[in-house]
Amino acid sequence: VPADLFGTDPGWMRGIVCRALWFDARCRDFFAAHPDGLGIALGAGFDTRFRRLAGLARRWVDLDLPEIIAVKRRFVSPTGRYRMLDGDVTDLAWVERTGWRPGTPVVLTAEGILMYLAPEDVRRLFAGIAARFAEGGAPAWVLFDYASPVAAFNSWLHPALQHSEARFQWGLARAGAIRRIDPRYQVVEDCDVARQCGPAAAVAAAMHELMTMGCFLHGLAHLELET
């Protein structure tokens, strides 16, 4: 695979960086407010967020498919604060395996994963998260990104996906739509990262929002569960 395979679209690359910075900042906010909390990265891939949090997180779990975690373990070692678990994010059995217990504040991140899941799997995941963590009696934050329904339908045009067989399956108009799955979700923040990716991307995002009557092109969402 050529090293510059995805480097021909600076707007897309900038979006990846801006998205990561947003997730990092919200996780820092969480652990500053809840130093004894637990962080769980769903579909973590080869992300190194735990290290970037510079010691703020006392407990962090990366969850991904067995083949991904097997490779990651070759380069990253677990510690007393950091663990890696293999499993399917759509099978909520991972909740017990993370060590989370009622009364423990938790932040869950889903970065660059939900749009690849089938819509019914996304609905089941959000419903399952609400069922387990809303009754925990402690703050529960859910951070995720999403593509608009139009962007999901046309994902074959994505500069990275043009080089693979992967396609988006799930799209979301705005983060508030998650409340239809469970009304205990409260929207704290909902923004379009595309507006931060240079003039061309910002114009495209504005036009997309106008033409779709309010849909973000690439949304970033911070939800919290009523407990």
Does a side-chain heavy-atom distance below 4.5 Å link Met84 with Pro78? yes

Let me confirm one number: the CZ-OG1 distance from Phe75 to Thr48, rounded to the nearest 0.5 Å. 13.5 Å

Test Ile129 against every option in Ile181, Val106, Leu42 by the side chain to side chain contact (heavy atoms under 4.5 Å, CB included) rule and name the one that passes. Leu42

Indicate yes or no: does Asp47 engage Lys72 in a salt bridge with an N to O separation below 4.0 Å. no

Give, for atom CG of Leu108 and atom OG1 of Thr98, the distance between the pair rounded to the nearest 0.5 Å. 8.5 Å

Side-chain heavy atoms under 4.5 angstrom apart, residues restricted to Ile, Leu, Val, Met, Phe, Trp, Tyr: same cluster for Phe144 and Ile113? yes

Tell me whether Val71 shares a hydrophobic cluster with Ile68, the cluster being built from Ile, Leu, Val, Met, Phe, Trp, Tyr side chains joined at under 4.5 Å. yes

Report the relative orientation of the aromatic rings in Trp170 and Tyr146; use parallel for angles under 30°, tilted for 30 to 60°, perpendicular for over 60°. perpendicular

Evaluate Leu223 against Ile178 for side-chain contact (heavy atoms from CB on, under 4.5 Å), listing each step before the verdict. CA-CA 9 Å; Leu223 308 184; Ile178 298 297; 3.8 Å; yes

Would you please classify the geometry between the Phe50 ring and the Trp60 ring as parallel, tilted or perpendicular, with 30° and 60° separating the classes? tilted

Are Ile69 and Leu85 joined in one hydrophobic group, where the rule is that I, L, V, M, F, W and Y side chains link up if heavy atoms are under 4.5 Å apart? no

ILVMFWY cluster, Met115 and Phe126 together (side-chain gap under 4.5 Å): no

Can you list the steps and then say if Val89 with Leu117 is a side-chain contact (heavy atoms from CB on, under 4.5 Å)? CA-CA 10 Å; Val89 299; Leu117 301 181; 4.3 Å; yes

Any donor-acceptor N/O pair, Arg174 side chain to Gly214 backbone, under 3.5 Å: yes

Measure the shortest side-chain to side-chain distance between Tyr185 and Val142 over non-hydrogen atoms and say whether it is less than 4.5 angstrom. yes

Results of side-chain contact (heavy atoms from CB on, under 4.5 Å) for Glu189 - residues two or more places apart only: Trp22, Arg26, Cys191, His222

Can a donor-acceptor pair be found, under 3.5 Å and without considering hydrogens, that links the side chain of Asp64 to the backbone of Gly45? yes

Please report the closest heavy-atom contact between Leu63 and Gly87, naming both atoms and the distance. CD1-N, 3.9 Å

Between Val193 and Cys18, what is the shortest heavy-atom contact and its length? CG2-CB, 3.7 Å

Distance check, rounded to the nearest 0.5 Å: His34 atom NE2 versus Arg58 atom CZ? 13.0 Å

Would you indicate whether the side-chain heavy atoms of Arg184 and Glu135 approach each other to under 4.5 Å? yes

Nearest non-hydrogen partners of Gly112 and Asp145, listed with the distance: N-OD1, 2.7 Å

Is there side-chain contact between Leu172 and Val122, with at least one heavy-atom pair below 4.5 Å? no

Look at the side-chain heavy atoms of Ile, Leu, Val, Met, Phe, Trp and Tyr, link any pair under 4.5 Å apart, and say whether Phe30 and Leu56 land in one connected group. yes

Starting at CG of Leu38, measure out to CG of Asp36 and round the result to the nearest 0.5 Å. 11.0 Å

So, does Asp182 use its side chain to make a donor-acceptor pair with the main chain of Ala130 at under 3.5 Å? no

Has Arg73 got more than 12 heavy atoms of other residues, nucleotides or ligands less than 6.0 Å from its CZ? yes

Worked check of side-chain contact (heavy atoms from CB on, under 4.5 Å) between Glu226 and Gln186: CA-CA 7 Å; Glu226 293 181 346; Gln186 301 298 316; 2.9 Å; yes

Main-chain N/O of Val76 paired with Tyr82 side-chain donor or acceptor, under 3.5 Å: no

Where do Ala205 and Arg195 come nearest, in terms of heavy atoms and distance? CB-CG, 3.9 Å

Restricting to side-chain hydrogen bond (donor to acceptor under 3.5 Å, both in side chains), what partner residues turn up for Trp100, sequence neighbours left out? none

Any side-chain to backbone donor/acceptor pair from Thr109 onto Glu111? Under 3.5 Å, distance only. no

Closest contact, heavy atoms only, Ala138 versus Thr227: O-CG2, 3.1 Å

Taking Leu65's backbone N and O only, do any of them form a donor-acceptor pair with Asp86's side chain (distance below 3.5 Å, no angle check)? no

Here the pair of heavy atoms bringing Gly39 nearest to Phe31 is N-CZ, 3.7 Å

Would you confirm whether Asp192, through its side chain, and Leu217, through its main-chain N or O, come within 3.5 Å as a donor-acceptor pair? yes

Are any side-chain N or O atoms of Arg83 and backbone N or O atoms of Val61, one a donor and one an acceptor, separated by less than 3.5 Å? no

Give the C-alpha distance, both sets of side-chain angles, the deciding distance and a yes or no for side-chain contact (heavy atoms from CB on, under 4.5 Å) between Leu220 and Leu143. CA-CA 8 Å; Leu220 298 173; Leu143 311 175; over 6 Å; no

Hey, what do you get for SG (Cys27) to CZ (Arg49), rounding to the nearest 0.5 Å? 5.5 Å

May I ask you to decide if Cys215's main-chain N or O and Glu209's side chain share a donor-acceptor pair within less than 3.5 Å? no

Pairwise distance CG(Asp29) to CH2(Trp141) - rounded to 0.5 angstrom: 5.5 Å

